[in-house]
Amino acid sequence: MTVVTRFPPSPTGSLHIGSARTALFNWLYARHHAGQFILRIEDTDRKRSTKEAVESIFDGLTWLGLDWDGDATFQSQKIERHAAVALDLLDRGMAYKCYCTPEELEAMRAKARAEGKPVFYDRRWRDRNPDDAPQDIPFVVRIKMPLDGETTIQDQVQGDVTIANEQLDDFIILRADGTPTYMLSVVVDDHDGGVNHVIRGDDHLNNAFRQLQLYRAAGWSIPEYAHIPLIHGADGQKLSKRHGATSVQEYRREGFLPEALLNYLLRLGWSHGDDEVISTDQAVSWFDLDTVGRAPARFDLEKLESLNAHYLREGGSQTVIDGVIACLREKHGIIVDTTGRQRIELALPHLAQRAKTLIELSATAVFLIQAPSFPLVERKAQKILVNGGIEVLRNIQDSLVEINAWNPDTLEATLRARAEELELGFGKIAQPLRAALCGSTASPGIFDVLVILDRDESLARLQRAVEQE
RNA sequence: GACCCCUUCGUCUAGUGGCCUAGGACAUCGCCCUUUCACGGCGAAAACACGGGUUCGAGUCCCGUAGGGGUCACCA
């Protein structure tokens with residue numbers, strides 16, 4: 001049997017980080033078993049669904065590299081099929097018409113709540129004679145749930161979970177306006193789509209019992225279930241806006257790499273021994289449901305950052321360079337030319353050790369493109385120059401100008417020799433030089449900077465630093 | 001409130017009855033490296049929620065308590 005998993009987001013906002021993890025687990029499971037991963041947009045809530053949200057979901061998944069098989073489907077296009085299933089259930093006596101008004105239902109719920117009983121519909125129309133039915137009043141269709149006994153779900157993550165059937169109410173499958181409800185639509189779509197593994201957040205665990213009965217009523221085979229724990233914010237509460245970024249796009253904008261986000265999300269609730277850095281390929285071959293934990297995990301930005309820093313260092317690819325260039329343009333208004341790009345390529349291995357995100361990385365790359373202007377804006381750096389730094393620079397300028405073999409070794413030999421002649425600690429030379437070339441007190445190693453900037457640019461910057469009053 | 005789920009360092013986790021004096025990672029602290037900031041290396045501090053069982057032996061199994069979470073729509 002081919003494994004078929006699905007990711008069914010409702011397009012009411014941009015791709016949520018928690019949804020992304022659900023998508024990842026489904027994707028991984030399908031890929032691991034050489035199965036299919038399908039994407040279904042659950043847009044039956046017309047009022048809240050937007051086109052932008054659909055785009056955001058496609059965009060987010062694509063960015064993460066979570067590719068789906070076939071075209072995405074839209075639930076709203078299947079409502080006739082869903083309604084037909086409901087009517088069929090009605091014909092076969094598995095469901096019935098209910099004429100209660102919303103007000104009646106609310107009163108019912110209030111009463112149940114007050115009595116400490118399960119809050120639900122009291123089935124008053126379940127066995128009522130159809131002849132009693134009021135004419136010309138809209139009805140909803142409710143499914144008949146078993147009245148006694150119990151139902152157990154064999155969940156791949158949660159284990160066997162059993163519930164008393166009296167906890168299950170005759171929920172609505174077809175609204176008064178003839179449209180299907182979510183509970184019906186998912187089941188029909190999953191069945192029609194051949195979905196045989198349902199991996200989703202454990203906020204759906206309770207729904208599984210209801211859906212299971214629907215499968216039975218329809219006479220369809222029941223999928224394997226795996227309810228994975230939710231991600232919580234740092235305070236242990238459900239992850240929401242007030243915890244900062246919640247959409248994958250926001251993480252992208254803040255300079256995170258997709259592989260870092262994927263790796264982080266994967267480790268939230270899933271483990272493979274002591275492994276921490278796991279590539280997507282490894283994840284595909286290792287992933288399985290039995291190593292998914294059952295406790296909710298808190299989102300820890302610092303760990304994500306550390307993973308991101310790792311991928312920034314290891315990656316060193318063209319994508320990272322493109323990312324830096326894009327950041328430079330967006331955040332600093334800097335357009336990078338060919339020379340600039342070359343410098344960034346040369347500097348990347350050095351810069352990457354000093355950044356946790358693309359944003360930070362690009363901030364440290366600014367000096368490569370934009371020469372510092374004097375006096376320096378960074379106060380500490382300017383202080384170094386003013387407090388004797390310029391004198392030191394004047395003293396080493398000639399030695400630098402004389403160097404033709406502009407490479408790290410020669411540069412180092414020359415500058416260290418000069419430091420000794422001047423009886424200065426090497427830092428006394430390096431820091432003013434750094435301030436002059438980078439406009440900052442922190443940068444890659446000074447010889448690397450000299451080489452990356454190249455001879456002409458380095459000497460020009462040095463000259464300008466020396467000339468200032 | 002009812003029902004369901006969960007509980008190992010601050011956080012993510014390893015652990016499937018003896019290999020646990022409880023391991024790793026992030027964060028924290030210290031030392032080393034050093035031209036700055038980093039990276040890196042070494043080291044430290046830091047956890048089995050509590051109470052009962054079962055067992056020769058429990059972080060691992062069972063029960064209870066406490067705490068946390070989720071669900072209770074003509075939303076998905």
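Atoms considered below: every heavy atom in the structure, side chains included; atoms not considered: hydrogens, waters and symmetry mates. Note that the coordinates shown come from a computational prediction; the quantities given were computed from them, not determined experimentally. Numbered from 1 within each chain, the chains take letters A, B, ... in sequence-line order.
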Any strand: nucleotide that pairs with U34(B) via Watson-Crick or wobble, under 3.5 Å: none

Geometric class of the Tyr251(A)/Phe299(A) ring pair [parallel <30°, tilted 30-60°, perpendicular >60°]: tilted

Watson-Crick or G-U wobble mate for G64(B), both contacts under 3.5 Å: C50(B)

For Asp190(A), the option from Gln211(A), Arg6(A), His197(A) that meets side-chain hydrogen bond (donor to acceptor under 3.5 Å, both in side chains): Arg6(A)

Given U36(B), A76(B), G70(B), the nucleotide with the shortest approach to the side chain of Thr181(A): A76(B)

Separation between the C1' atoms of A45(B) and A27(B), rounded to whole Å: 13 Å

Nearest-Å distance for atom pair CG/C1', residues Asp235(A) and G10(B): 14 Å

Span that lies between the P atom of C32(B) and that of G15(B), in whole angstrom: 38 Å

Span that lies between the C1' atom of G53(B) and that of C31(B), in whole angstrom: 49 Å

C1' spacing across the pair G10(B) / C29(B), given as an integer number of angstrom: 14 Å

Nearest atoms (heavy-atom pairs only) where Leu415(A) meets Ile429(A): O-CD1, 4.0 Å

Nearest to side-chain heavy atoms of Arg354(A), which nucleotide of U13(B), C37(B), A76(B): C37(B)

Whole-Å gap separating P (C72(B)) and CE (Met183(A)): 8 Å

Between P of A76(B) and CG of Leu214(A), the distance in whole Å: 14 Å

Inter-nucleotide P distance (U55(B), C62(B)), Å rounded: 15 Å

Nearest atoms (heavy-atom pairs only) where Ala260(A) meets Leu304(A): O-CD2, 4.0 Å

Gap between atoms CG and P, on Asn165(A) and C4(B) respectively (whole Å): 12 Å

base_contact_polar (G70(B) base, Asp202(A) side chain, donor-acceptor, <3.5 Å): no

Interatomic distance, Glu305(A) CD vs C12(B) P [rounded to whole Å]: 17 Å

Touch class at under 4.0 angstrom, heavy-atom based, for Thr179(A) against every strand present: nothing

Mate of C19(B) where both pairing distances stay under 3.5 Å, Watson-Crick or G-U: none

Donor-acceptor pair present, Arg434(A) side chain and U35(B) base, under 3.5 Å: yes

Pairwise P distance, C61(B) and C19(B) [rounded to whole Å]: 16 Å

Closest to the Lys303(A) side chain, choosing from C3(B), A76(B), G24(B): G24(B)

Minimum-distance pair of heavy atoms, taken over all atoms of Leu212(A) and Thr152(A): CD2-O, 4.3 Å

P gap between C42(B) and G59(B), integer Å: 31 Å

hbond_proxy Arg294(A) side chain to C6(B) base (donor-acceptor, 3.5 Å cutoff): no

Geometric class of the Phe37(A)/Phe7(A) ring pair [parallel <30°, tilted 30-60°, perpendicular >60°]: parallel

Side-chain N or O of Ser271(A) closer than 4.0 Å to phosphate OP1/OP2 of A14(B): yes

Gap in Å between the two P atoms, one belonging to C48(B) and one to U8(B), rounded: 10 Å

Arg142(A), nearest nucleotide to its side chain (from C74(B), C12(B), C26(B)): C74(B)

Sugar-phosphate only, base, or nothing, as touched by Gly427(A) at under 4.0 Å among non-hydrogen atoms: sugar-phosphate

N or O in side chain of Thr44(A) less than 4.0 angstrom from A76(B) OP1/OP2: yes

Touch class at under 4.0 angstrom, heavy-atom based, for Gln75(A) against every strand present: sugar-phosphate

Atom-to-atom span, CD of Glu314(A) to P of C39(B) - whole angstrom: 14 Å

Candidates A73(B), C37(B), G23(B) - which lies nearest the side chain of Asp274(A): G23(B)

Counter-base of C29(B), judged by Watson-Crick or G-U geometry with both distances under 3.5 Å: G43(B)

Carboxylate-amine/guanidinium contact Arg40(A) Glu42(A), below 4.0 Å: yes

Mate of A2(B) where both pairing distances stay under 3.5 Å, Watson-Crick or G-U: U71(B)

Sugar-phosphate, base or nothing in reach of Glu302(A), heavy atoms under 4.0 Å: sugar-phosphate

